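The structure appears right after this line, and notes come after that.
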Amino acid sequence: MKYLYNLYQIFIVLPVALVFTLIVAFFTIVGCSLGGGHFWGYYPAHFWARCMLWLLLIPVKVEGRRNLERHQSYVFVANHQGAFDIFLIYAYLNRNFKWMMKRQLRQMPLVGYACEKSHQIFVDKRGPKKIKATYDKARDTLQGGISVTVFPEGSRTFTGHMGEFKRGAFALADELQLPIVPLTINGSFNIMPRMRDMKFVRWHRLTLTIHDPIYPVGQGPDNIEATKSQAYDSVMSALVPEYQGFVENPDQ
């Protein structure tokens, strides 16, 4: 069965995925250029991600969606198990949001330009002015009623275990007094960990757990640390036993 699945990926999934990705990137760029960035910056990618998971025959389970209020902006924070985290969140969170992503992703051919045109937030740490510009854009996005999604570990895990959470997303939520929503991802590391990038996908169930929002209590450093700690504990609580416990990522 494993070899049949690999052949299916080579002859069916790969060509369809390449063509579909190019089409979605094209429509995103054109749609955002003509206006309506909130629509064209989310829905084509939402549909693309869901189709990719369908195409790969990967089952998905979502828990806790009822914890979200319809018109509320949130700062979503998730553990970062692997590349399939992006497919899972885009496809099944069912919220219009912008990613906070590494600026290096802007260099991806066509896709990076589509991300720029759709107003995704590139995190640039090359000095105070660049950092301020990143947070100014995130602030404008949240004040406009859209949510943002962040991987506060900063990079994908090498082990399946969680590393440390950085404070940036929590400082942003604190400044705007917005709720944090922790997300726990299970299964992405089993499908394609970062050590196996660009290799065959391994079939495995994906699970997205949407936890209760964490609302600010006060404002300032104490609130930032409290929400960061609470979010970390929430995400950790829903990890499968195999990946429970802190393991430091070497590139954090």
Side-chain angles (χ1 to χ4, degrees), residues 17 20-21 23-25 27-28 31-32 36-101 105 111 114-115 117-121 138 140-153 156 169 172-173 176 178-189 191-192 201 204-215 227 231 234-235 237-240:
F20 191 38
T21 300
I23 291 172
V24 168
F27 275 101
T28 299
C32 291
H38 287 333
F39 178 90
W40 292 102
Y42 171 71
Y43 286 100
H46 167 71
F47 181 66
W48 164 80
R50 187 163 287 206
C51 287
M52 290 296 100
L53 294 177
W54 287 343
L55 191 61
L56 285 162
L57 311 176
I58 294 173
V60 174
K61 181 180 180 182
V62 181
E63 301 174 334
R65 191 176 282 130
R66 66 182 62 184
N67 292 328
L68 304 180
E69 297 179 19
R70 187 172 181 182
H71 298 295
Q72 174 68 53
S73 293
Y74 295 107
V75 178
F76 293 102
V77 296
N79 60 314
H80 205 359
Q81 282 201 337
F84 275 71
D85 301 342
I86 293 168
F87 292 109
L88 178 61
I89 292 175
Y90 246 151
Y92 287 96
L93 184 59
N94 289 358
R95 300 288 295 205
N96 196 330
F97 69 89
K98 304 297 182 186
W99 292 101
M100 292 188 72
M101 58 178 65
L105 296 175
V111 173
C115 289
K117 294 297 289 184
S118 59
H119 308 295
Q120 308 304 323
I121 302 163
D140 291 343
T141 296
L142 286 162
Q143 289 176 336
I146 304 296
S147 298
V148 298
T149 299
V150 187
F151 295 116
E153 293 168 273
R156 290 174 291 164
L172 180 64
L176 299 178
L178 288 174
I180 294 278
V181 176
L183 306 173
T184 301
I185 294 169
N186 281 298
S188 181
F189 186 78
I191 291 174
M192 186 177 286
V201 170
H204 196 281
R205 176 185 292 276
L206 282 169
T207 303
L208 176 66
T209 303
I210 304 169
H211 296 274
D212 290 327
I214 302 170
Y215 289 89
T227 54
S234 294
V235 176
S237 70
L239 282 173
V240 296

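What you see is a predicted model, and the numbers here were worked out from it, not measured in a lab.
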Heavy-atom donor-acceptor pair, Thr149 side chain to Trp99 backbone, under 3.5 Å: no

Atom of Pro179, atom of Pro213 and distance for their closest heavy-atom approach: CB-CB, 4.1 Å

Atom CZ of Phe27: over 12 foreign heavy atoms under 6.0 Å: no

CA sep, side-chain torsions, deciding dist, call: Trp48, Thr28, side-chain contact (heavy atoms from CB on, under 4.5 Å): CA-CA 11 Å; Trp48 164 80; Thr28 299; over 6 Å; no

Parallel, tilted or perpendicular, as decided by the 30° and 60° cut-offs, for the rings of Phe97 and Phe76: perpendicular

Whether His46 side chain and Tyr90 backbone form a donor-acceptor pair below 3.5 Å: yes

Side-chain donor or acceptor of Lys98 paired with backbone N/O of Ser118 under 3.5 Å: yes

Non-hydrogen atoms of Ile214 and Pro182 that approach each other most closely: CD1-CG, 3.7 Å

Distance (rounded to the nearest 0.5 Å) between Ile210 CD1 and Arg66 CZ: 11.5 Å

Evaluation steps, side-chain contact (heavy atoms from CB on, under 4.5 Å), between Leu176 and Val75: CA-CA 10 Å; Leu176 299 178; Val75 178; over 6 Å; no

Polar side-chain atom of Arg156 near backbone of Asp85 as donor-acceptor pair, under 3.5 Å: no

Ala169 versus Ile180, closest heavy-atom pair with distance: O-CD1, 4.1 Å

Student check: side-chain heavy atoms of Val181 and Asn67 closer than 4.5 Å: no

For the student: nearest non-hydrogen atoms of Ile185 and Leu239, plus distance: O-CD2, 3.7 Å

Donor-acceptor pair, side chain of His80 and main chain of Phe151, under 3.5 angstrom: no

Euclidean distance, His204 NE2 relative to Phe84 CZ, rounded to 0.5 Å: 13.0 Å

Backbone N/O of Asn186 and side chain of Thr207: donor-acceptor pair under 3.5 Å: no

Atom pair CG/CG of Leu206 and Leu53 - distance to nearest 0.5 Å: 6.0 Å

Separation between CG of Asp212 and CG of Leu68, rounded to the nearest 0.5 Å: 9.5 Å

Check against side-chain contact (heavy atoms from CB on, under 4.5 Å), Phe20 and Met52: CA-CA 9 Å; Phe20 191 38; Met52 290 296 100; 3.5 Å; yes

Shortest non-hydrogen contact between Met101 and Gln120, atoms and distance: CE-CB, 3.9 Å

Donor-acceptor pair between His119 and Thr141 side chains, under 3.5 angstrom: no

Verdict with supporting geometry, Val235 and Leu183, side-chain contact (heavy atoms from CB on, under 4.5 Å): CA-CA 6 Å; Val235 176; Leu183 306 173; 6.0 Å; no

Closest heavy-atom pair and its distance - Ala45, Val24: N-CG1, 4.2 Å

Atom pair CG (Leu55) and CZ (Arg50), whose distance is rounded to the nearest 0.5 Å: 15.0 Å

Check: Asn96 side chain, Tyr42 main-chain N or O, donor-acceptor pair, under 3.5 Å: no

Any side-chain heavy-atom pair of Phe87 and Leu56 under 4.5 Å: no

Distance in Å, Cys32 SG paired with His38 NE2, rounded so as to fall on 0.5 Å steps: 10.0 Å

